[in-house]
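Owing to the predicted nature of the structure, the values given are computational and were not obtained by experimental measurement. Every chain is numbered from 1 and lettered A, B, ... according to where its sequence line falls, protein lines coming before strand lines.
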There are 2 protein chains.
Amino acid sequence: MQDPSTEQKILEAAISIFQKKGMAGTRMQEIADEAKINKAMLHYYFRSKQRLFEAVFMQAFQQLAPHVNEIFNADATVFEKVESFVDKYISFVLVNPYIPSFLIQEINNNPKFAQTFFSAHGVPDPSQFEQQIAEEIQQGILKPIDPKQFLLNLFSLTAFSFAANGLVKGLLNIDNETFMMMMEERKKLIPELIINSIKR
Amino acid sequence: MQDPSTEQKILEAAISIFQKKGMAGTRMQEIADEAKINKAMLHYYFRSKQRLFEAVFMQAFQQLAPHVNEIFNADATVFEKVESFVDKYISFVLVNPYIPSFLIQEINNNPKFAQTFFSAHGVPDPSQFEQQIAEEIQQGILKPIDPKQFLLNLFSLTAFSFAANGLVKGLLNIDNETFMMMMEERKKLIPELIINSIKR
DNA sequence: GTCTATAGCCAGATAGAC
DNA sequence: GTCTATCTGGCTATAGAC
């Protein structure tokens, strides 16, 4: 394995710091220290804090969005998609634990930036999946439910534990090991709960 | 109604700004402008940004925690507590929409502060409720489930929509009015979903 | 490409007049 | 209690030597 380029080292350090502390809480010096690189280099490669942040945001977004779309638009039943989504999402965020809270926080804190970003790069779009849910209800496969409420249940059950990681651990009084074990269990529990609620 | 005291005006402005932008994203000047008060007054009454932040954090926390404890430790069945919690929580955050994301964000970004704060003021403690769930399972009223997973489902379904407000609206492609209507519906949907999953 | 030094700005905090 | 003026430090960003 070759030594990573300076640009790579910077980006990786920036990902690590920005994802933990957010745009407003991050100092350029801290990224430089993490990358073991002179602070001036950050500006040489990325021009400004804003641009470096955007590279980080993009990277986080690109790792999630395409997979979500892929699952939702696959040729599979609603049940299969639920199982696939929960399994893939939890597996991914267990090794990238800061991405959900990072994305959620920055979208909340900077709606204007998010708006612009999503206009340019597209949001994960579950509308086709919503359509499919409506159809399976029509066909009598599923009990009637608002497809948007259905999706919201799915996202909530899957993502909240990571979005509110600190609070969850505090409330349930569990350490990180227990947390990770519970998340592994949830790969089964969540699809069971969801499917059980709409199965005819 | 009497004119609010200067201290009150500052605190209210601080709540408004801190809850939207977080500790790191907030400027003292912005709070002063919002309160229509000189910036020096903030320091006169609250000494430092950190202390003002702590007053805001405390205020948000105090509005939620005691009610949660009250519900969980009441003399009622598990089903009743679920219904009561969902209804009260959603009603409250619909008029205080920034509190969940604010608390979650600050706990994530500043675990050390959160640790200290909770050591001093206590976390909402659902352990007695967990106990009760275990007992009702024992008695054959409920299907077997890990009480912590049960609570996590309840919190996830109830809080995620508010914690990830911006993302949820973007993903589901809904405006604020639709969002609020969906939340009203969820007061019924969530207890149904939860109770249905554990009812014998 | 990489470094040092520093410009330029802005934020939190305080002194001191009223 | 309230204001103006200002200190002090820290931050982003850049100039310029190597």
message: Apply side chain to side chain contact (heavy atoms under 4.5 Å, CB included) to residues M182(A) and L189(A) and explain how you reach the verdict.
response: CA-CA 10 Å; M182(A) 285 182 67; L189(A) 286 177; over 6 Å; no
Is the backbone of [Y] close enough, under 3.5 Å, to the side chain of [X] for a donor and an acceptor to pair up by distance?
{"X": "T158(A)", "Y": "F155(A)", "value": "no"}
{"X": "E80(A)", "Y": "T77(A)", "value": "yes"}
{"X": "E12(A)", "Y": "E7(A)", "value": "no"}

field: First and last nucleotide of DNA chain D, 5' to 3', lying under 4.0 Å from heavy atoms of chain B
entry: dG1(D) to dT4(D)
message: Are F53(B) and F113(B), when compared by the centres of their aromatic rings, separated by less than 6.0 Å?
response: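 Yes - the distance between ring centres of F53(B) and F113(B) falls below the 6.0 Å cut-off.
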Centroid-centroid distance, Y98(B) to F102(B), less than 6.0 Å: no
statement: With sequence neighbours left out, the residues meeting ring-ring contact (aromatic ring centres under 6.0 Å, His included) with H121(B) are F117(B)
message: Walk me through whether S91(A) and K187(A) qualify under side-chain hydrogen bond (donor to acceptor under 3.5 Å, both in side chains).
response: CA-CA 9 Å; S91(A) 294; K187(A) 288 183 185 174; 2.9 Å; yes
message: Using the rule given for side chain to side chain contact (heavy atoms under 4.5 Å, CB included), can you reason through M23(B) versus K49(B), listing the C-alpha separation, both sets of side-chain angles and the distance that settles it, and then say yes or no?
response: CA-CA 9 Å; M23(B) 172 65 177; K49(B) 183 184 180 184; 4.0 Å; yes
I133(A) side, atom CD1; Q131(A) side, atom CD - distance, nearest 0.5 Å: 10.0 Å
query: Can a donor-acceptor pair be found between the side chains of K21(A) and N109(B) at a distance below 3.5 Å?
result: no
message: Taking side chain to side chain donor-acceptor pair (under 3.5 Å) as the definition, give me every residue that meets it alongside S16(A), ordered by chain and number, with sequence neighbours left out.
response: none
task: Would you work out how much the helix from dG1(C)-dC18(D) to dC18(C)-dG1(D) bends between its ends, with each end axis defined by five base pairs, to 10 degrees?
output: 10°
task: Mind listing the residues from residues 30-45 of chain A sitting with a heavy atom below 4.0 Å of DNA chain C? Number order is fine.
output: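 Within residues 30-45 of chain A, the residues near DNA chain C are N38(A), A40(A), M41(A), Y44(A), Y45(A).
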message: Please give me every residue in residues 6-28 of chain B whose heavy atoms get under 4.0 Å of an atom in DNA chain C, ordered by residue number.
response: T26(B), R27(B), M28(B)
